[in-house]
There are 2 protein chains.
Amino acid sequence: MVHGFTLSAPKLYGVSGGSIKKWFTSVIVNFKICASFGIYIILHAMYEIFQKYLDDKTELTQQESERIQSFAIIKKLRKRQYLLQEGDVWKYDAFITQGCVRTYTVDEKGGEHVNSFSIENWWTGDRESLMMQQPSRFNIDAIEDTELVLFTHENFEMLCREIPALNNIVNTILQRSFISAQNRIQASLTLTAEEKYLNFINKYPGFASRIPQTMIASYLGMTPETLSRIRKQTAKK
Amino acid sequence: MVHGFTLSAPKLYGVSGGSIKKWFTSVIVNFKICASFGIYIILHAMYEIFQKYLDDKTELTQQESERIQSFAIIKKLRKRQYLLQEGDVWKYDAFITQGCVRTYTVDEKGGEHVNSFSIENWWTGDRESLMMQQPSRFNIDAIEDTELVLFTHENFEMLCREIPALNNIVNTILQRSFISAQNRIQASLTLTAEEKYLNFINKYPGFASRIPQTMIASYLGMTPETLSRIRKQTAKK
DNA sequence: GTAAAAACTTGATCTGGATCAAGAGTTTGA
DNA sequence: TCAAACTCTTGATCCAGATCAAGTTTTTAC
């Protein structure tokens, strides 16, 4: 697959400019910088991950692929940087090419409740805010330095209408997301704290090593102390 | 809208034949009985509820409506009758025109855990079993005498491919289902038993009066005793 | 390199909701 | 119509996991 150099390069987008140190991980890279060959290679590699995801899921013509890429926005987040803050309206479809983010709420006492983790090759965002066009109750921030491919929802819907195969992917993702949410509800109703943890590491091996325990505890609906004790006990066995 | 009498009448389907007493609520009504005028009127009225649902959601041509209706299967369930039993593979898309069903699992100690309630104008079934073609972990049974419109998933997918408007409805339902599951997870992570109950009766007014408290308690992840005490306390206020 | 801030562990104590038990309605079915 | 089977209530007791507290290790930032 060969792309015209300037035409098919993804648009670039970031939130904060800043010091030279910040340059690599979070910066508005404008068109001129993009035209610098070294940078282009890097950004191109990022988009390739998303392209590979699409290719794995479905058959797209080269024209369709290029059409999709022409609307892609590449974004980088540094660790702890927000992708979405409570009160803002979420307007994107966002695919993670590298890294890890968490979606959480903050209660009136300041306690954080983790709703979900998303890593590379998953989607993230707040569908409720997106669909209902209402301020989000969630915060989303990066647990690690993270790279995403974003589409404004407007553009993404248009692409879905144009490209049925893309629409089918979205449908499938939604179904899987729903099934996975159902299973989580089921687990929360039926399992003990220890069973929830074992179920988690079994279902998501690898997560335990890259996500702080405090956040995993919150995701599982228990305190960090309880999780620490459970880990100690299960390590014995 | 005028239907040819025999051609557009929905197909009829039921699980158990049986005594004359059972006749009205659950019986295989075959074509000959269907041709009896009185019965036809009743069944026609049932399908009309689904037709109205479709008309509310989207614009269909008369031809599309008739095409959909030609694949509809009408099913009646008596109170306590199963729509799906654990271990069976679910193969339908099912819309409730009247009544109420519950989806639940049974743990190794025989305890029932209610995953969801569905009433008229909602869909029910087990999407995981349907999508993965695997035996269901869930049971679905009727809390009240219930009437449904079923489509085999094969037929329904074909209809979705033929009729984009129907596909859009399915998409929207999936999104709403997912959002609602997310909210339930959030509630289970953040709310106390009392708050869960108040949240429930606020979100689903009318459910409390038609669903036994034991089942509501199970749905909310608490014991019937706890729910009883909460109701006593909140009644005081 | 180092001070400050997070993250994790361990212990002591507390508590919301579970469990066990028993009585009072209410529904169901022959 | 009436016994059996559920459903709901109320009280007594128990326990899984929360909270509070303090020390240790790891990470972050200049």
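Naming: A, B, ... by sequence-line order, numbering from 1 per chain. These numbers were taken from a predicted model, which means no experiment stands behind them.
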Rounded to the nearest 0.5 angstrom, the CG-CD distance for B:Leu77 and B:Glu144 is 11.5 Å
Salt bridge (Lys or Arg N to Asp or Glu O under 4.0 Å) filter on A:Glu225, not counting sequence neighbours, yields none
Residue set satisfying ring pair (Phe, Tyr, Trp, His ring centres under 6.0 Å) with B:Tyr219, at least two apart, ordered chain then number -> B:Phe117, B:Phe200
By side-chain hydrogen bond (donor to acceptor under 3.5 Å, both in side chains), A:Asp88 pairs with (sequence neighbours left out) none
Sorted by chain and number, sequence neighbours left out, salt bridge (Lys or Arg N to Asp or Glu O under 4.0 Å) with B:Asp141 holds for B:Arg102
Taken to the nearest whole Å, CD/A:Gln233 to P/C:dT9 is 13 Å
Side chain to side chain contact (heavy atoms under 4.5 Å, CB included) filter on B:Lys57, not counting sequence neighbours, yields B:Tyr53, B:Ile169
Sorted by chain and number, sequence neighbours left out, salt bridge (Lys or Arg N to Asp or Glu O under 4.0 Å) with B:Lys52 holds for B:Asp56
- Message: OP1 or OP2 of D:dT9 versus the side-chain N and O atoms of B:Lys232: is any pair under 4.0 Å?
- Response: no
From CZ of B:Arg231 across to P of D:dT7 the rounded distance in Å is 15 Å
For A:Arg176, the salt bridge (Lys or Arg N to Asp or Glu O under 4.0 Å) test, sequence neighbours excluded, returns none
Whole-Å distance, B:Glu195 CD to C:dG16 P, equals 12 Å
Readout for nucleotides 24-30 of chain C: B = base within 4.0 Å of protein heavy atom, S = sugar-phosphate only, - = neither; 5' to 3' it is ----S--
In short, the helix from C:dG1-D:dC30 to C:dA30-D:dT1 is bent end to end, axes from five pairs each side, to 10°, by 70°
For residues A:Arg137 and B:Asn183, is any side-chain donor paired with an opposing acceptor at under 3.5 Å?
yes
Practice item. Indicate, with yes or no, if the rings of A:Trp123 and A:Phe156 have centres closer together than 6.0 Å. Key: yes
Ordered by number, residues from residues 103-116 of chain B within less than 4.0 Å of DNA chain D (heavy atoms) are none
To the nearest angstrom, the CD-C1' distance between A:Glu194 and D:dG17 comes to 13 Å
Fill in: Polar contact flag, side-chain donor to acceptor under 3.5 angstrom, A:Asp126-A:Ser136
yes
From CD1 of B:Ile143 across to P of D:dC6 the rounded distance in Å is 16 Å
Between NZ of A:Lys196 and C1' of D:dG17 the distance, given in whole Å, is 10 Å
In numerical order, the residues of residues 210-229 of chain B whose heavy atoms come under 4.0 Å of DNA chain D are B:Pro212, B:Gln213, B:Thr214, B:Glu225, B:Ser228, B:Arg229
Taking every heavy atom of A:Val101 against every heavy atom of A:Ala142, the minimum-distance pair comes out as CG1-CA, 4.0 Å
Applying side-chain hydrogen bond (donor to acceptor under 3.5 Å, both in side chains) to B:Arg127 and not counting sequence neighbours gives A:Gln175
